[in-house]
Each structure stands twice: as structure tokens, then as C-alpha cells.
Number of protein chains: 2
Amino acid sequence: MTSSPQRGHAARELLLSAAQELYAAHGVAATTPRQVIELSGVGQGSLYHHFPSKVDLAAEALHRTTTQTLGAASEILGTGLPARGRIESYLRKDRDATAGCRVGRLTADPVVMSHDDLREPVGDYFTDLIQLVAAAFMDDGTPPDGAVNRATAAVAVIQGGFVLSRATGDAGQMQRAVEGFIALMTDGESSPAGPIN
Amino acid sequence: MTSSPQRGHAARELLLSAAQELYAAHGVAATTPRQVIELSGVGQGSLYHHFPSKVDLAAEALHRTTTQTLGAASEILGTGLPARGRIESYLRKDRDATAGCRVGRLTADPVVMSHDDLREPVGDYFTDLIQLVAAAFMDDGTPPDGAVNRATAAVAVIQGGFVLSRATGDAGQMQRAVEGFIALMTDGESSPAGPIN
DNA sequence: GTCTATAAGAGGATAGAC
DNA sequence: GTCTATCCTCTTATAGAC
């Protein structure tokens, strides 16, 4: 109810949507109010009527992005399929690797990192995501501590895959990182006593 | 010979050193010529005497940073120790995790990504680094294709560890990602037939 | 609520003396 | 080679009409 588009708020929605798109492509610091205005099609003053400053616009736009992105991950990781298959589905999920992660890239954004209101949703996103993956590892029989470590590694591999793909302009980097990680998971699959830590 | 500090080039060296430090902390886009001048202690005109533009300064400073960072990795990965130990040493190497990777963070920098002269050394750095790690995996008995995939995953885990640590302000994220990755490598260590792909 | 016009300041680069 | 002074543009934000 609070965030659904309603009459009299068309400009606000257009601004947030445009901001999300521009932040995904260029980050927050490199996105100017003018760009947001031009992409959304609203006037200069409308932005500052709805949002006191650029940071206030970014805070709401980023909150939407992290919520949406976490929801997508949750759909894949929360199915009733076998835990191991859920983890591999998440790892192999189709991604625009050379574009970079729209959340992860914000950790190098000076505007995001210098405002707690912007940094916090980014940190919470990753904390929550790691918990989702860790739950799947536990469902697969890994004890809690080992599951958290492996889940952190899995999320890190995806984030690193984005960095490598973007640096080289080669989406194959993400693919190789993911397959290398899955190969290591598979190597230990039928060990005598199963995962230990 | 070409790059060693010499008489008459004091300002040039001071500028490059200051730029490297500022780029590591804030990135290229967010670093202004004025900041470089103030940190280096030289005058406004000296910067533009030695470097035609901000991008020219960045190109040389980034080349130095990638060369130095790759050299440090090479020292750890190129010793005569057992291959498996070299890989673990590289993964567990002491890092300022919450500061982010001084090379990897540049993949989210709009100035770097929009100039081929700046983007290329970043891509080459990762290509070379993955090859160094892949060589170690091959020394450890992994066939070439599997070694490249595992090496890409290893480098990605470190890059992702930086992203997670920076996002949450918690260096423990890097540690957990590394230990989770090593745990997966260890799980498959004494499998009946050894690594397959 | 939405628009146009405009102002204060920082970023990037140049001019020209020394 | 190095410096100070200056210029132009863009970013961010405000003013005030509609």
C-alpha cells in the first residue's frame, strides 16, 4: 500500500524507476539529477519536490533495487527442490555478467559509501543473501558454521565473477568461476564421512 | 631505466605516487586533479606539464598499481613450495578487506570503464593473475581446463570477499569466503580417482 | 504537483610569469 | 620545470510562476 503507484504520484514513480536504471548502468555518484530528469521526462523542480536531495532519491531507489534483487534470489533458493540443486541453480542463474552486479558495484561508489542511509541497504542485502544460501547448505547436510563459510564463498564467487567479467569484457569469466566452484563442490560429494566443517 | 626516478622529475614521481594512493582510496572518477596536487605538494601547472589530462595521469598510475599488485601475487604463487600450499597462501594472504581491492574496484569506476587505456591494464591484470593461479592448480595435478575454472573461482572468491567485506564493513566476510572455499577444496582432496575435470 | 529560470560552487583545463 | 591566476562547463540546488 505505501509504495504502490497511485494517482498524483506519477512523477515520483517515474523518477525512482529512472534512477534505478541509471544507477545500475553508471552507479549513484556518476548519475546526475539532470540525467534522472531527462530519462524520466519530468521537470527539474519535480525531483526536488519529491526528494529533498540526490541522496534521498538514491536511498529510496536503492532500497527498491536491493529488495527486488533479494526477492529474485529467494525465489530460486526457496523452492522445494533438493538443496544441492537449488544452490547450483542459484550459481548458474542467467546474469548479465559484463554489466556488473547492480548491488555489488555500489561498494565502489563514493556517494554510497559515504552515506549510511545508502550503505546500510547494500550491507543488509548481502547479509540476507548469505543467510539464504547458508540455509540451503544446511538443508544439504552441512553443519551451521561450515554452511555459512561455504555460502559466503558462493556469494563471493558470483560477485567476483561480475568483477572479472566486467574487467575483461568476457562473460565467460563468470561461467568459468561458477563451474570451477561447482567442480570443487562436486569433488567432495561422495567422500567417506561427508562434510566435516 | 625508463621509469626510475631521476633528477628533474621529482614532481612527476610525487604526482604518480599521490594519484595511486588516492585511486586506491576513492577511485579515479572521484579523485580530482586538485586532490592529487594537494597530496603531492606540487603546483597546479606541474600536473598538466607532465600529463596532458587527468586520464593520462590515471593511465600511468594504474599501470604501476597493476604491475606492483601482480608482482606481489607472483611472489606468493611462484615459490618452490607444494602447489596446494601456494594456493592456500595466496587465498589466506593478509588483505585490508574492508578497503576493497585497489584493482577490482576500478571495474565500477565510470572513468576507467569509458577509456580503453584505463580499462585494458585492469583486464590484463586479472587475466595474468588467473593464469598464475591456474599454473599452481596444474602443478597440483588438476588438468588444464579444470585448473583454469578453479583458478577463476579462486580469484573470484577474493574479489567477492572484498565486495562483501566492504559492503558490510566486516573483514570477517573475506575470511569466511576464503575458508569456505578452502573447505570445498579440502573435501575433495582424497577422493578415489582424484580431480576429474 | 509540476514547470522554467537561475544561482552557487566544484571539476577540469589553460595562460603566461618566473 | 614549476608556479599562480584564471576560465569555462557541469553539477546540485533554489526561486518562484502556473
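Quick note: numbers below take in every heavy atom, side chains included, and nothing from hydrogens, waters or symmetry partners. The shown structure was predicted, so the numbers you read here are calculated from the model rather than taken from an experiment. Protein chains get the first letters and strands the later ones, always in sequence-line order, with residue 1 at the start of each.
Between the side chains of S165(B) and R176(B), no donor-acceptor pair of N or O atoms lies under 3.5 Å. Donor-acceptor pairing under 3.5 Å is lacking for the side chains of T152(B) and N149(B).
The OG1 atom of T168(B) sits 10.0 Å away from atom CG of D124(A), with the distance rounded to the nearest 0.5 Å.
Rounded to a whole Å, the CG atom of L14(B) is 9 Å from the P atom of dT2(D). When rounded to the nearest whole Å, the span between NE2 of H49(B) and P of dA13(C) equals 17 Å. A straight line from CD1 of I37(B) to P of dA13(C) spans 11 Å, rounded to a whole angstrom. As rounded to whole Å, 15 Å separates atom C1' of dG11(C) from atom CG of L57(B). One interatomic measurement links the two molecules: CZ of F51(A) to P of dT12(D), which rounds to 16 Å at whole-angstrom precision. Whole-Å rounding puts the L15(A) CG to dT12(D) C1' distance at 15 Å.
When the options R102(B), R64(B), Q68(B) are evaluated for a side-chain hydrogen bond (donor to acceptor under 3.5 Å, both in side chains) with Q20(B), the one that passes is Q68(B). When the options L129(B), T107(B), T127(B), I130(B) are evaluated for a side chain to side chain contact (heavy atoms under 4.5 Å, CB included) with L164(A), the one that passes is I130(B).
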Does the pair D187(A) and R150(B) meet the rule for a salt bridge (Lys or Arg N to Asp or Glu O under 4.0 Å), with working shown? CA-CA 12 Å; D187(A) 284 347; R150(B) 285 164 175 76; 3.0 Å; yes
Please report the C-alpha distance between E88(B) and R84(B) in whole Å, then the side-chain angles of each, then the deciding distance to 0.1 Å, and finally whether the salt bridge (Lys or Arg N to Asp or Glu O under 4.0 Å) criterion is met. CA-CA 6 Å; E88(B) 290 190 18; R84(B) 173 59 186 268; 2.6 Å; yes
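At most 12 heavy atoms of other shown residues, nucleotides or ligands fall within 6.0 angstrom of atom CD in E120(B).
Within residues 38-48 of chain B, the residues approaching DNA chain D are V42(B), G43(B), Q44(B), G45(B), S46(B), by heavy-atom distance under 4.0 Å. Within a heavy-atom distance below 4.0 Å of DNA chain C, the residues of residues 22-35 of chain B found are T32(B), P33(B).
The phosphate of dT2(C) (OP1 or OP2) has a side-chain N or O of H50(A) nearer than 4.0 angstrom.
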